[in-house]
Number of protein chains: 2
Amino acid sequence: MLTKKKQLLFEKQAEIAKAIAHPLRIAIVDFLKDGQQCVCDIAEYVGSERSNVSRHLSVMVNAGVLEYRKEGLKVIYRLRTPCILDFFACVTGVLKQQAKDNQKLLAAL
Amino acid sequence: MLTKKKQLLFEKQAEIAKAIAHPLRIAIVDFLKDGQQCVCDIAEYVGSERSNVSRHLSVMVNAGVLEYRKEGLKVIYRLRTPCILDFFACVTGVLKQQAKDNQKLLAAL
DNA sequence: TGACTATATGATTATATACTCACATAATAA
DNA sequence: TTATTATGTGAGTATATAATCATATAGTCA
């Protein structure tokens with residue numbers, strides 16, 4: 001049976017995972033891996049309304065994935081933990097496995 | 001600007017992330033890291049209705065995170081890619097960073 | 001001061017997700 | 001065959017999330 005302690009941990013982990021589990025937010029994280037950026041540049045890169053991007057950014061800040069700093073009129077966002085990028089290695093691994101399995105299936109037809 | 005190719009990749013990645021982004025599903029993945037299990041045992045472990053667990057399992061199968069095999073009356077689920085466990089290392093990293101920052105904040109008060 | 005710019009947020013709507021209950025399906029054993 | 005057990009799925013409801021528009025806030029510069 002699941003302990004209360006583990007349950008709490010899983011809830012925290014789910015919160016972080018949810019904060020990344022959106023195409024736009026993944027695009028943002030990918031954009032930020034090369035360095036910090038302001039909301040305006042992020043919005044232009046991902047091709048969405050600034051208000052929408054601002055909301056997505058605050059979701060990730062609340063989850064602890066991003067952090068920000070104000071600089072004049074602009075707000076600059078950056079990755080808070082480099083290990084977030086490991087997440088993509090993991091997910092890419094799943095995708096590669098899927099592709100491999102599809103290839104096997106195709107070859108068997 | 002975001003290329004169509006990258007956009008497609010991010011959508012796929014988000015799908016996989018979403019498949020894990022739930023406390024119950026994280027509990028399931030954690031349970032399965034030590035070996036394959038049937039729905040009934042998974043449901044008992046996580047403390048939820050079998051019908052509900054069955055739905056969560058199928059979400060993860062569709063995303064390519066889990067795979068299953070039938071054995072008599074039972075359906076046995078297992079992790080499809082061991083690298084899924086790396087995900088937890090990543091998320092735990094974020095949580096550790098959060099805890100560290102909280103400690104700093106506390107010490108500064 | 002007022003105009004301008006970047007960002008955040010309230011309100012609304014549309015959509016997606018999770019859960020429950022009831023029922024369907026399928027394998028097994030008597 | 002019937003009864004039993006494990007699993008999956010349709011339907012309904014409740015809740016969460018995403019996107020948009022309008023508006024608020026706050027820093028900058030003329």
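A quick note: this is a predicted structure, and the numbers were derived from the prediction, not measured. Throughout, protein chains are lettered first and strands after them, A, B, ... in sequence-line order, and every chain is numbered starting at 1. Just so it is clear, the values below take in all heavy atoms, side chains as well, and ignore hydrogens, waters and symmetry mates.
- Shown here is B/Glu67, whose CD atom has more than 12 heavy atoms of other residues, nucleotides or ligands within 6.0 Å.
- For the segment residues 9-35 of chain A, the set of residues with a heavy atom within less than 4.0 Å of an atom of DNA chain D comprises A/Lys18, A/His22, A/Arg25, in numerical order.
- In terms of the side chain to side chain donor-acceptor pair (under 3.5 Å) criterion, B/Gln103 has no residue partners (sequence neighbours excluded).
- The shortest side-chain heavy-atom distance between A/Leu32 and A/Ile42 falls under the 4.5 Å cut-off.
- Of all nucleotides in DNA chain C, those with any atom nearer than 4.0 Å to a heavy atom of chain B start and finish, going 5' to 3', at C/dT17 to C/dT28.
- Residues of residues 71-81 of chain A having a heavy atom closer than 4.0 Å to DNA chain D, listed by number: A/Gly72, A/Leu73.
- For DNA chain D, the span of nucleotides reached by chain B at under 4.0 Å from its heavy atoms goes, 5' to 3', from D/dT5 to D/dA11.
- Residue pairs meeting the salt bridge (Lys or Arg N to Asp or Glu O under 4.0 Å) criterion with at least one partner in residues 14-25 of chain B, sequence neighbours excluded, do not occur; the list is empty.
- Salt bridge status for A/Asp41 with A/Lys74: absent, with no side-chain N to carboxylate O gap under 4.0 Å.
- In the region residues 51-60 of chain A, proximity to DNA chain D at under 4.0 angstrom, judged on heavy atoms, holds for A/Ser51, A/Asn52, A/Arg55, A/His56.
- Residues satisfying the ring-ring contact (aromatic ring centres under 6.0 Å, His included) test with B/Phe10, not counting sequence neighbours, are none.
- For the ring-ring contact (aromatic ring centres under 6.0 Å, His included) test, residues two or more places apart in sequence or in another chain that qualify with A/Tyr45 are A/Phe31.
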Open item on the list: As a quick check of understanding, evaluate side chain to side chain donor-acceptor pair (under 3.5 Å) for B/Arg69 and B/Gln36, giving each step before the final call.
Closed with: CA-CA 10 Å; B/Arg69 141 184 86 79; B/Gln36 54 186 21; 3.0 Å; yes
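- Crowding of B/Gln97 atom CD: a count of heavy atoms from other residues, nucleotides or ligands under 6.0 Å exceeding 12.
- Applying the salt bridge (charged side-chain N to carboxylate O under 4.0 Å, His left out) rule to B/Lys6 yields the partners A/Asp30; only residues at least two apart in sequence or on another chain are considered.
- Across the helix from C/dT1-D/dA30 to C/dA30-D/dT1, the helix axis at one end is tilted relative to the axis at the other end by 10° (nearest 10 degrees, each axis from five pairs).
- Residues passing the ring-ring contact (aromatic ring centres under 6.0 Å, His included) test with A/Tyr77, sequence neighbours excluded: A/Tyr68.
- B/Gln7 places no side-chain N or O within donor-acceptor distance of the main-chain N or O of A/Val46, the cut-off being under 3.5 Å.
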Open item on the list: What verdict does the side-chain contact (heavy atoms from CB on, under 4.5 Å) test give for B/Cys83 and A/Val94, after you've listed the backbone C-alpha separation in whole Å, the side-chain angles of each residue and the deciding distance to 0.1 Å?
Closed with: CA-CA 8 Å; B/Cys83 84; A/Val94 178; 4.3 Å; yes
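- Cluster annotation: A/Leu8 is not connected to B/Ile26 through the hydrophobic network of ILVMFWY side chains, with a link wherever side-chain heavy atoms come within less than 4.5 Å.
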